[in-house]
Each structure stands twice: as C-alpha cells, then as structure tokens.
Amino acid sequence: MPKKITLLGSTGSIGTQSLDVIRAQGYEVFGLSAHSRTDLLLRQIETFHPKVVCVTDLDAAGRLEGALAGRAGAPVLLHGAEGLRQLAAMDGPDVVLNSVVGIAGLGASLAAIESGHDLALANKESLVTGGHLVTQAVARHGVKLLPVDSEHSAIFQCLQDAHSARSLTKILLTASGGPFFGMKADQLRGKTKEDALRHPNWNMGAKITIDSATLMNKGLELIEAVWLFGLPPEKIQIVVQRQSIIHSAVQFSDNSVIAQLGVPDMRIPIQYALTWPERGGPVAPELDFAALKVLTFDVADEETFRCLAACKKAIAKGGLGPCAANGANEEAVKLFLEDKIGFLDIGRLVEAVVDSDAFGGSYDLADVYQCDRMARAFVHSHL
Ligand code: NDP
Ligand code: MG
C-alpha cells in the first residue's frame, strides 16, 4: 500500500519539493493546504487528487470554491486557520508534513500530533514558539517527530542507532553564513531586500531567505535542535560551512565526530522524513567529490548578526523567550520586505524584545499566542 500524506503549505518552496518526492515515491496525497496561491493549488489538485484541501486566506478560499464548483471528484474544501487544524487532525494520512511558514503552523502541528499522526516538520517555528507543548504532545501521544530541516535531518541521520544517541555530547550545527557573511554593521546598513533575497546556496521562501541573511534562521535552528535532541544550548556549536555540503555533525563521548553530507537539495531531507526508517532512491544528484575541491569552516559573527545573539539569550531565558524573539522577527521581516525598515533594524528589534522581559516559566497555548501578539506590537512601538 502506498503511503498517504497530508501536506500543509503545499504551494511553498518545501511544499512543491515535497510533491516532487511524493511523485517519485509513488505516494498518495490525502490533503493539501495553501494560504493564497490558489492557481498553483488548483494545478496540484488536478495532478495529485487530494481528498481534502484547505485555503487559509478567506478571499482565496472563495476563489478556489468558485474554480472547483461543479467539478466531478473535487476535494472537500476547508478554510481559515481552524480549517487547517481540522485538516491536520483528519484520519486518512500515514504522516502529516507541515511546511507552513511561521507561527501559523503551530496549531496544525499540535492538531496532527494530538490526533495520533506522525509529523514530518519543516515548520521550525512550531518548535521555537511552542517547543514545550509540541514535545509534550509527542510524548503523550506516542507519535514520531521527523525533522525536515536539513541540519536537523543530518543530526537525526547521524543518531540512528540507540548507542549513538546515548553517547551524544555535542552537536555541530552548520550554517552557510548567508549572502552577507564576513560583512560588518557599516556594510550591512544599506542592504536592501533584493540583496538579502540572493542566497548563495539555497532557493527558499522569502521569509527564511531573509532569516538566513540575518542569521535568525540559525538562531531558530539552535532552539529547534534543543527541543529535538535534548541537548542544552551550550552543547550546540554553530559552524559556518560556506559550501552547504556538510549539513551538520554530532560529536560523541570519545570526541569522535560523524557528519552527514550531500548536495544542498531539500528533497533529500524531505524524502528521508517520509521514508524513515528506510531510504528512498536518488531524489537529488550525487555529491561529486572530484569536483568538490574545498570545504571551509568559520565562526559565526554574533557581534554583527544580533539575531543569533538574541536567540541564544532567548533560549537561555526559557519559557516564552523564543516565542517573543520569533514574533518580533516575523513582524520585522514583513516590514523589511515592505521596505519599511532597514536590514539592521531586524536584529535590533528582535534583541530588544528579548531584553524587555524575563520570560521564564511554564506556558499554555493561549500564552504563546498572547506573547506573539505582544512581540509584534513591541516591534511597531519601537520602530
Ligand atoms: P514558503 O513561503 O515558500 O511557503 C510557505 C507555505 O505556507 C505556502 O504554501 C504558503 O501558502 C503557506 N502559508 C503562508 N502563510 C500562511 C498562513 N498564514 N497560514 C497557513 N499557511 C500559510 O516557505 P518555505 O517553503 O521556504 O518554508 C516553509 C517552512 O519550512 C518554514 O518554516 C521554513 O523555515 C522551513 N524550512 C524551509 C526550507 C527551504 O528550503 N525553503 C529549509 C528548511 C526549513 P501560499 O503559497 O498560498 O502563500
Ligand atoms: Mg535549515
């Protein structure tokens, strides 16, 4: 029986690459979701014949409803954030892959887990904003949390036998350094969104591409790694690996290091999350060691790239600190993409919100959303 997948955020960079993998594996699609790109979603419906789709933007949902009217075999159409949670919770798929961008993915991650589904997670913001809630729900419902993020997939791949997991002492989380690697604040001040959207190695959605330029992405990933692998933040070292060939590494009690390598192509980690514990066929080109002349290593510059420093402070504070950092960043990136703030303002605002409160302590889902709203309001009052 082919596996059945519900894919949330199917129109995005991870979403479309996930559909490549699903096609290559001969899997079936149970559900799809998009926010507003209904033209692409409609083509995906025609190709993959999902049983259920959700469009979270209400105007766009109306457009898709019109386009599907009277079509034989049209999928059930859900809408809004509640529709996304309903889709994530529905019986039918063997695994839910969440590739929504931002905290908008948190509710669906929790709904999938609480309904007993294994969750392949690209939406790192679920773990950053609600790591405690997500990991507790995973333990309570006995489901699998399968990392899609390339670094976390690499770490996961290096820890496949139980002995390795027990002897883990350190994670080496690699970073490309982004398009502005080596630059100082003076050179960064005038950078535009066009400059920041030009990533050297990866072709990704706009938000994560900006996060890669500010190194916020690496800060979010450090927090993601703390929740996924249970090491404290000081045991996770960020290593700049400019070629994005070493996707991350782990170190054991005897100081032996094991790394995972491959071409920078997200279809490899996406496929591993879907085929785990098996491996699928060659979904991306092989790494050409004859052409690969150098692998370089550098230290990340937290003095200049304040988002990374802010994320470290946020996870050290604990509680809702990471959620506040994430909310401020989502809002600041939106303003930067609208040309309303400068590049360096992103780091300034994220750090300021983290410095504004103690944040520690336990929280529930309502607290997460309230903290997210606070952080976004904080950004607007500190422009
Ligand atoms: P994209 O912006 O390309 O895609 C985002 C997807 O989420 C789209 O389907 C979009 O719909 C949908 N979406 C947007 N806003 C909402 C909302 N408010 N509610 C529900 N759905 C929404 O992002 P990426 O694919 O680049 O990234 C997705 C996630 O994966 C992020 O968390 C990112 O950090 C993570 N990730 C991405 C990598 C990459 O290579 N791209 C690598 C590792 C992790 P629509 O198209 O209609 O707007
Ligand atoms: Mg990554």
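What you see is a predicted model; the values in this text were computed from it and never measured. First listed ligand is number 1; within each ligand, the first listed atom is number 1.
Closest to atom 20 (C) of ligand 1, if we only count protein heavy atoms, is T56 OG1, 3.2 Å. Regarding atom 35 (C) of ligand 1, its nearest protein heavy-atom neighbour is A122 O, 3.2 Å. Of the protein's heavy atoms, V101 CG1, 3.7 Å lies nearest to atom 5 (C) of ligand 1. At the shortest separation from atom 36 (N) of ligand 1 among protein heavy atoms lies I208 CD1, 3.6 Å. The nearest heavy-atom contact from the protein to atom 9 (O) of ligand 1 is T11 OG1, 2.7 Å. The protein atom (non-hydrogen) at minimum distance from atom 3 (O) of ligand 1 is S13 N, 2.9 Å. Regarding atom 26 (O) of ligand 1, its nearest protein heavy-atom neighbour is G205 N, 2.9 Å. The protein non-hydrogen atom at the shortest distance from atom 34 (O) of ligand 1 is K124 CE, 3.2 Å.
For ligand 1, the atoms sitting less than 4.0 Å from at least one non-hydrogen atom of I14 are 25 (O), 30 (O), 37 (C), 38 (C), 39 (C), 40 (O), 41 (N), 42 (C), numbered in the order shown with element in parentheses. Near S10, with a cut-off below 4.0 Å to any heavy atom, the atoms of ligand 1 are 9 (O). Those atoms of ligand 1 that come under 4.0 Å of a heavy atom in M266, given as number and element, are 40 (O), 42 (C), 43 (C). Taking every non-hydrogen atom of N123 and a distance limit under 4.0 Å, the qualifying atoms of ligand 1 come out as 32 (O). Annotation for ligand 1: atoms under 4.0 Å from non-hydrogen atoms of M204 are 39 (C), 40 (O), 41 (N). The ligand atoms of ligand 1 that sit less than 4.0 angstrom from a heavy atom of A104 are 17 (C), 18 (N), 19 (N).
Taken together through direct or relayed side-chain contacts under 4.5 Å among Ile, Leu, Val, Met, Phe, Trp and Tyr, L64 and L8 form parts of separate hydrophobic clusters. Taking hydrophobic clusters as Ile, Leu, Val, Met, Phe, Trp and Tyr residues chained together by side-chain heavy-atom distances below 4.5 Å, F181 does not share a cluster with I208. L97 and I113 end up in different hydrophobic clusters when Ile, Leu, Val, Met, Phe, Trp and Tyr side chains are linked at under 4.5 Å. Residues L159 and V257 do not share a hydrophobic cluster, defined by chaining ILVMFWY side chains whose heavy atoms lie under 4.5 Å apart.
No donor-acceptor contact under 3.5 angstrom links the side chains of N326 and D372, judged on distance only. Side chains of N217 and K124: a donor on one and an acceptor on the other come within 3.5 Å. No hydrogens or angles considered: nothing links the side chains of S115 and H141 as a donor-acceptor pair under 3.5 Å. Checked by atom type, the side-chain pair W276/Q157 shows no donor-acceptor distance below 3.5 Å. Q44 and E46 are not linked by any side-chain donor-acceptor pair at a separation below 3.5 angstrom, with hydrogens and angles left out of the test. Counted by atom type alone, N201 and S244 present one or more donor-acceptor pairs between their side chains at under 3.5 Å. A donor-acceptor pair shorter than 3.5 Å cannot be found between the side chains of Q25 and T275.
Of the heavy atoms in H35, both backbone and side-chain atoms come closer than 4.0 Å to ligand 1. Residue A81 does not touch ligand 1, judged by heavy-atom distances below 4.0 Å. With a 4.0 Å cut-off on non-hydrogen atoms, V100 touches ligand 1 through its backbone as well as its side chain. Using a 4.0 Å cut-off between heavy atoms, S99 contacts ligand 1 through its backbone alone, with no side-chain atom that close.
Polar contact check, N217 against ligand 1: no nitrogen or oxygen pair lies under 3.5 Å apart. Looking at S150 next to ligand 1, no N or O pair under 3.5 Å apart turns up. At a 3.5 angstrom cut-off on N or O pairs, W202 does not count as close to ligand 1. At least one N or O atom of E125 sits closer than 3.5 Å to an N or O atom of ligand 1. Below 3.5 Å of separation, one finds an N or O of G9 facing an N or O of ligand 1. Considering backbone and side-chain N/O of D149, none are found under 3.5 Å from N/O of ligand 1. Polar contact with ligand 1: absent for A34 (N/O pair, distance under 3.5 Å).
Shortest distance from the Mg ion (ligand 2) to D149 is reached at OD1 (N/O/S atoms only). Within E221, the N/O/S atom positioned nearest the Mg ion (ligand 2) carries the name OE2. When distances from the Mg ion (ligand 2) to the N, O or S atoms of E151 are compared, OE1 comes out shortest.
In this structure, K207 has no heavy atom closer than 4.0 Å to ligand 1.
F156 and H152 have their aromatic ring centers separated by at least 6.0 angstrom. Between F180 and F305, a ring centre-to-centre spacing not shorter than 6.0 Å is recorded.
Taking CG of L145 as the reference point, atom OG of S109 lies at 8.0 Å (rounded to 0.5 Å). Interatomic distance, OG1 of T11 versus NE2 of H35, reported as 9.5 Å (0.5 Å rounding).
Under 4.0 Å is where a charged nitrogen must lie from a carboxylate oxygen, and between D186 and K184 no such pair does.
Between S99 and L7, the shortest heavy-atom distance links the atoms OG-CD1, 3.8 Å.
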